[in-house]
Amino acid sequence: RNKLSAAMMASSFPVRRVATFSRSAVRAFSTKKIAVLPGDGLGPDVMAEALKVLKAVESKTDVKFETAEYPIGGAGWDACGDHFPEETKKGCEAADAILFGSVGGPVAEQNTPKWANSEKNSLLGLRKTFDLAVNLRPAVIFPMLASISPLRADIIEKGVDLLVVRELVGGVYFGEHKTEGDKATDVMDYTVDQIKRPLKFAFDAAKLRNKKVTVVDKANVLDTSRLWRRVTEEMKPEYPDIEVEYMYIDNAVMQIIKNPSHFDVVATENMFGDILSDAASVLPGSLGLMPSASLGGKGISMYEPIGGSAPELAGLDVANPIAQILSTALMLRYSFDMDKEACLIEDAVNATLGEGLRTGDIVTSGEKTVGTKAMGDAIAEKIAK
């Protein structure tokens with residue numbers, strides 16, 4: 001069924017709920033199949049904590065979560081010489097949702113066969129295969145973590161709670177790429193239907209938030225951006241209570257740092273969304289707090305933290321698992337319509353942070369530093385109570 005989630009999270013949690021995505025079907029049976037792709041570096045470390053939390057949720061509901069792990073990225077290369085193995089593809093096709101960790105290896109080894117194009121082959125392969133067309137990246141500042149944000153206190157006091165809705169399977173990343181001698185060409189193109197999907201989600205989300213959509217483009221130069229504006233104007237009458245504004249990408253990147261409270265829902269094309277969501281990711285103070293969802297048009301969606309693999313830290317019990325855990329909450333909400341259970345996770349994260357537990361990336365003077373496993377344990381225990 002296609003429904004809209006409740007308008008806001010419980011007031012204690014600093015993330016608003018947004019509209020659900022129109023999927024071909026929501027699996028209504030009591031067993032949910034999840035393809036688990038831990039990947040490389042810190043991926044397996046944080047994924048273990050997300051699965052621990054998922055097990056705690058399972059103890060509070062009739063639903064059973066059936067997980068199956070598959071290799072991706074460098075792990076895929078080690079398994080069969082392919083960054084996106086056929087076994088992994090088939091496993092994902094048989095699942096109801098994909099829970100993804102991270103891919104990528106040491107910087108010094110990026111030109112080796114194992115790591116060359118690892119992220120591109122893995123992520124773009126998944127996006128194309130499962131039509132993961134709408135990417136969601138919420139950016140909020142947790143009240144108890146305001147001191148770690150790079151923003152000035154007067155900016156934070158205005159409120160920082162925005163949602164970037166990025167088109168994910170079109171534009172220049174999926175266009176033709178070629179080099180002929182001294183000339184290189186990268187093609188950016190969009191169709192009306194490709195543009196409508198993220199815009200519809202953005203408008204629906206804004207209805208439940210602060211009723212404002214900012215479309216980010218470069219319409220003074222690009223025909224594709226002009227098409228985005230045309231489609232937006234055509235859709236506006238369907239949402240008469242939504243304020244719409246347009247902003248060039250260069251200005252938007254500046255404003256998202258200088259005046260983030262200006263934004264509610266931001267909708268944009270693939271490359272601009274990549275740039276803008278990465279800029280927004282610095283606002284909370286750590287990538288370890290940033291979940292994301294990539295919603296698919298074939299009934300299967302993918303959920304992942306936005307941080308990198310940091311292979312030099314793998315296995316040291318120092319990674320922040322919160323982004324992976326919050327991505328799991330998004331999976332419950334968007335793929336399984338388990339909003340109550342998603343709130344269990346989010347409330348447990350909020351309560352754990354409220355008690356002062358901190359991994360090294362978010363700790364400040366006088367606070368208790370814990371490892372990856374201890375943070376996962378604390379969150380899981382709060383859910384299981």
Side-chain angles (χ1 to χ4, degrees), residues 9-17 32 34 36-38 42-61 63-65 67 69 97 99-102 138-146 148 284-293 303-307 310 313-336 338-364 367-385:
M9 297 296 237
S11 59
S12 61
F13 195 80
V15 181
R16 299 180 188 272
R17 295 177 193 170
K32 307 298 184 184
I34 304 167
V36 177
L37 280 54
L42 295 178
D45 297 355
V46 296
M47 185 66 76
E49 304 315 305
L51 296 179
K52 184 186 297 179
V53 167
L54 195 63
K55 182 61 69 173
V57 171
E58 188 177 59
S59 72
K60 308 290 283 188
T61 179
V63 175
K64 300 301 178 184
F65 300 109
T67 61
E69 186 172 314
L99 195 57
F100 185 93
S102 59
V140 300
I141 293 179
F142 289 74
M144 71 290 289
L145 298 179
I148 70 170
S286 172
L287 292 177
L289 301 169
M290 298 286 289
S292 77
Y303 305 87
E304 61 177 311
I306 74 167
L313 301 178
L316 299 182
D317 194 38
V318 296
N320 186 343
I322 288 177
Q324 187 79 63
I325 290 169
L326 290 177
S327 296
T328 305
L330 294 180
M331 177 184 71
L332 297 183
R333 178 167 293 124
Y334 292 117
S335 280
F336 303 150
M338 297 176 67
D339 198 67
K340 178 182 176 182
E341 290 77 10
C343 287
L344 280 178
I345 295 177
E346 291 157 346
D347 289 345
V349 168
N350 193 61
T352 301
L353 292 174
E355 291 177 357
L357 270 69
R358 305 285 188 267
T359 47
D361 59 313
I362 58 175
V363 73
T364 59
E367 294 176 326
K368 182 179 179 181
T369 304
V370 300
T372 308
K373 296 175 183 177
M375 181 64 84
D377 286 341
I379 295 169
E381 287 169 7
K382 283 184 168 45
I383 294 170
K385 286 181 179 178

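Being a predicted model, the structure only gives us computed values, none of them experimental. Side-chain atoms are counted along with the backbone in the values below, which use heavy atoms only and exclude waters and symmetry mates.
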Asks: Looking at CG of L51 and CD1 of I325, how far apart are the two atoms once the value is rounded to the nearest 0.5 Å?
Replies: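 Here the interatomic distance stands at 10.0 Å.
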
Asks: E304: what forms a salt bridge (Lys or Arg N to Asp or Glu O under 4.0 Å) with it, not counting sequence neighbours?
Replies: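 Per chain and number, E304 pairs via salt bridge (Lys or Arg N to Asp or Glu O under 4.0 Å) with no residue.
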
Asks: Which residues satisfy the side chain to side chain donor-acceptor pair (under 3.5 Å) test with T369, sequence neighbours excluded?
Replies: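 Here no residue qualifies.
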
Asks: Taking atom CG of D45 and atom CG of N320, what is their separation to the nearest 0.5 Å?
Replies: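 Here the rounded value is 12.0 Å.
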
Asks: Donor-acceptor pair, D317 side chain versus T372 backbone, under 3.5 Å?
Replies: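 Looks like yes, one N/O pair under 3.5 Å.
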
Asks: For F100, does its backbone N or O pair with a side-chain atom of Q324 as donor and acceptor, under 3.5 Å?
Replies: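 Looks like yes, one N/O pair under 3.5 Å.
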
Asks: Can you name the nearest heavy-atom pair linking M338 to F65, along with the distance?
Replies: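 Closest heavy-atom pair between M338 and F65: CE-CZ, 3.8 Å.
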
Asks: First locate atom OG1 of T328, then atom CG of L332, and finally report the distance between them rounded to the nearest 0.5 Å.
Replies: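 Taking OG1 in T328 and CG in L332, the distance rounds to 7.0 Å.
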
Asks: With distance as the sole criterion, is a donor-acceptor pair present between the side chains of D361 and S286 under 3.5 Å?
Replies: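 Their side chains do contain a donor-acceptor pair, which is all the 3.5 Å distance test asks for.
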
Asks: Taking all heavy atoms of A329 and all of E346, pick out the closest pair and write down the distance.
Replies: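 In terms of heavy atoms, the two residues are closest at CB-OE2, 3.8 Å.
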
Asks: Taking only residues two or more places apart in sequence, or in another chain, which ones meet K373 in a side chain to side chain donor-acceptor pair (under 3.5 Å)?
Replies: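 Expected list: none.
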
Asks: If I take atom NZ from residue K368 and atom OG1 from residue T359, how far apart are they, to the nearest 0.5 angstrom?
Replies: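 Here the rounded value is 13.0 Å.
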
Asks: Quick one: does L37's side chain get under 4.5 Å of E69's, heavy atoms only?
Replies: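 The answer is no; the side chains never approach within 4.5 Å.
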
Asks: List the residues meeting side-chain contact (heavy atoms from CB on, under 4.5 Å) with L313, not counting sequence neighbours, and say none if there are none.
Replies: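 Residues passing side-chain contact (heavy atoms from CB on, under 4.5 Å) with L313: L42, A310, L316, V318.
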
Asks: A323 and P291: which non-hydrogen atoms are nearest, and at how many Å?
Replies: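 That closest heavy-atom pairing would be O-CB, 3.7 Å.
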
Asks: Do you know the tightest heavy-atom contact between M144 and N350?
Replies: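 That closest heavy-atom pairing would be CE-OD1, 3.4 Å.
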
Asks: Atom CZ of R358 and atom CD1 of I148: how far apart are they, to the nearest 0.5 Å?
Replies: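 Taking CZ in R358 and CD1 in I148, the distance rounds to 8.0 Å.
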
Asks: Pairs of donor and acceptor atoms involving the side chains of residues 376-385, under 3.5 Å and at least two apart or interchain, shall be tabulated with distances.
Replies:
residue: D377; atom: OD1; partner: K52; partner atom: NZ; Å: 2.7
residue: K382; atom: NZ; partner: E355; partner atom: OE1; Å: 2.9
residue: K382; atom: NZ; partner: E355; partner atom: OE2; Å: 3.2

Asks: So which atom in I34 and which in M331 form the shortest heavy-atom distance, rounded to 0.1 Å?
Replies: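 The pair with the smallest heavy-atom distance is CD1-CE, 3.5 Å.
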
Asks: Closest approach of P138 and M290, non-hydrogen atoms and distance?
Replies: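 That would be O-CE, 3.4 Å.
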
Asks: How far does OG of S102 sit from CE of M47, to the nearest 0.5 angstrom?
Replies: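 Taking OG in S102 and CE in M47, the distance rounds to 8.5 Å.
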
Asks: Report the C-alpha separation of F336 and V63 in whole Å, then their side-chain angles, then the decisive distance to 0.1 Å, and conclude whether the side chain to side chain contact (heavy atoms under 4.5 Å, CB included) test is met.
Replies: CA-CA 10 Å; F336 303 150; V63 175; over 6 Å; no

Asks: Between L344 and T61, is the side chain to side chain contact (heavy atoms under 4.5 Å, CB included) condition met? List the steps.
Replies: CA-CA 11 Å; L344 280 178; T61 179; over 6 Å; no

Asks: Which residues satisfy the side-chain contact (heavy atoms from CB on, under 4.5 Å) test with K340, sequence neighbours excluded?
Replies: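 With neighbours one apart ignored, the set is empty.
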
